[in-house]
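Only one structure is covered here, and it is reproduced in the block below.
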Amino acid sequence: MITAACGGEGANREVTLRFSYWGTDVRQQRTEEAIKRFEAKNPAINVVGEFSGFGTYYETLAEKVAAGDAPDVITLEIRGLREYAERGTLADLSSEVSTSDLDAKVLAAGAMDGKQFAVPTGVNAWSLVADPKAIEGAGQKLPRDTAWTWDDYINLAARITAGTGGKVYGTQQAFNPAFLQIFAAQRGESFYNGNKIGMSPETIKAWWAVHRRLIKAKGSPEVAKSVELGTQGVDRSLFATGTGAMGMWWSNELSAISKASGGKEVELLRMPKVEGAAAGGMFLQPAMFYSASAKSASQAEAAKFIDFLINDPEAGAIILSDRGLPANSRVLAAVRDKLPEIDKKTLAFLDEIKGELTDSPAAPPKGASAMEDILTRYTDEVLFGRMRPDNAARKFITEANALIAG
């Protein structure tokens with residue numbers, strides 16, 4: 001919404017930007033503080049945050065876009081990026097936001113057809129999280145993560161559970177597509193190949209076999225409990241209740257995991273590998289993106305706000321790692337010493353593995369925002385024994401291909 005400032009013709013106009021985002025109370029507090037700082041630097045621009053929990057965010061956003069009422073600045077995940085870009089919702093920010101201090105490969109994840117539709121807020125990596133004391137308490141040692149395999153992971157998880165008499169499970173199951181993406185890359189396959197699924201049925205079955213073997217070996221809870229945990233946040237994880245020694249999460253969640261577990265020490269580890277894999281398959285992914293509405297009457301101001309959030313060290317000092325470790329190298333250098341110790345640990349881990357990482361994935365095909373739900377549904381069918389893995393893998397690929405065909 002744009003209103004003319006008092007003072008007659010030629011007076012600076014005042015602009016109100018709407019900014020949609022999701023998250024926790026802490027994120028809302030930090031974001032509101034960053035907004036106030038931006039407004040202090042730009043008195044003619046007001047920013048109104050449209051905040052919600054993650055569960056309702058995309059449904060509400062879709063309704064606003066369909067009604068022609070899109071926010072001026074929109075926060076998106078990579079899975080929904082192409083869908084909004086291809087329907088003409090997003091503006092091209094190529095010449096509007098400075099991106100010279102952002103990693104080119106990470107930045108490319110927000111680009112399509114030569115246009116920069118979105119700018120990454122920060123980066124993270126899907127990683128294995130371990131509780132060293134819980135592992136040692138079970139009479140085991142932290143794995144040598146540069147060389148461990150899925151067999152090693154399953155066996156270690158089973159020994160931890162056995163070593164604690166079942167009081168602490170070796171690991172919590174994870175069903176995120178990022179896990180399958182890494183697993184597929186270790187087998188020389190990609191999750192997507194254009195507008196098709198790039199994985200073979202054999203790879204999907206092998207991934208399900210890891211889950212089934214963990215349950216059979218008692219390295220994780222039984223099926224119903226594992227599935228239930230998969231729908232919950234870190235605050236209700238096995239880590240939070242002191243009953244799990246390992247799990248998989250995005251690296252920027254390490255702080256929340258530590259907090260949920262009462263501040264216990266946690267370590268990030270490389271993902272286990274398929275036997276003989278040439279690459280580990282781990283990758284940096286933008287935690288989320290900032291984009292601007294193509295229908296906004298205040299696109300220049302929207303771009304200026306995004307530029308502030310991405311490139312201004314003052315904004316970085318407020319937001320810190322809440323939206324991933326800052327994607328801007330200059331901002332990261334400026335706030336490095338201000339990061340909590342747990343985030344410094346995450347940064348050290350990402351620095352350690354950066355030479356092993358594959359390229360950041362491109363925005364997935366239109367329709368991919370529903371992929372996690374489809375994968376979860378077929379995973380549940382297999383784990384509960386309602387479908388044979390062969391049949392489930394074929395049906396998953398068929399349904400997924402129909403969804404993303406265009």
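Note that this is a predicted model, so its numbers are computed, not measured. Heads up: numbering here begins at 1 and tracks the sequence.
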Does any N or O in the side chain of [X] come within less than 3.5 Å of the main-chain N or O of [Y], such that one atom is a donor and the other an acceptor?
| X | Y | result |
| --- | --- | --- |
| S258 | L254 | no |
| Q116 | L107 | yes |
| Q173 | S226 | no |
| T99 | L102 | no |
| Q285 | A109 | no |
| D235 | A240 | no |
| S291 | A118 | no |
| T161 | K218 | yes |
| N176 | A178 | yes |
| S52 | W22 | no |

Should [X] and [Y] count as side-chain neighbours, where that means a heavy-atom distance under 4.5 Å?
| X | Y | answer |
| --- | --- | --- |
| I197 | I404 | yes |
| D145 | L128 | no |
| E83 | Y58 | no |
| M371 | R79 | no |
| L350 | L268 | no |
| T379 | W207 | yes |
| P71 | V48 | no |
| T31 | F51 | no |

Can you tell me if CZ on R30 sees more than 12 non-hydrogen neighbours from other groups inside 6.0 Å? yes
Is the number of heavy atoms from other residues, nucleotides or ligands within 6.0 Å of CD (E275) greater than 12? no
Could you label the plane-to-plane angle of the Y153 and W148 rings as parallel, tilted or perpendicular, counting under 30° as parallel and over 60° as perpendicular? perpendicular
Check step by step if ring pair (Phe, Tyr, Trp, His ring centres under 6.0 Å) holds for F179 and W126. CA-CA 7 Å; F179 175 10; W126 185 258; 7.2 Å; no
Please determine, by modelled atom types, if D152 and T149 share a side-chain donor-acceptor pair under 3.5 angstrom. yes
Value rounded to 0.5 Å, distance of [atom1] in [X] from [atom2] in [Y]:
| X | Y | atom1 | atom2 | result |
| --- | --- | --- | --- | --- |
| K354 | L357 | NZ | CG | 10.0 Å |
| I182 | K273 | CD1 | NZ | 12.0 Å |
| M282 | T358 | CE | OG1 | 9.5 Å |
| D103 | S360 | CG | OG | 6.5 Å |
| N391 | R386 | CG | CZ | 13.5 Å |

The single option from K304, R37, K41 that satisfies salt bridge (charged side-chain N to carboxylate O under 4.0 Å, His left out) with D312 is K41
Both conditions, 6.0 Å and 45 degrees, for the charged tip of R323 above the ring of Y21: are they met here? yes
Cation-pi check for Y84 against R87: NZ or CZ below 6.0 Å from the six-membered ring centre and within 45 degrees of the axis, yes or no? yes
Using a strict cut-off of less than 4.0 Å between a Lys/Arg side-chain nitrogen and an Asp/Glu carboxylate oxygen, indicate whether E356 and R270 qualify as a salt bridge. yes
Less than 6.0 angstrom separating the ring centers of Y378 and W208, yes or no? no
In a check of side-chain contact (heavy atoms from CB on, under 4.5 Å) between N401 and each of T398, I397, L403, which one passes? I397
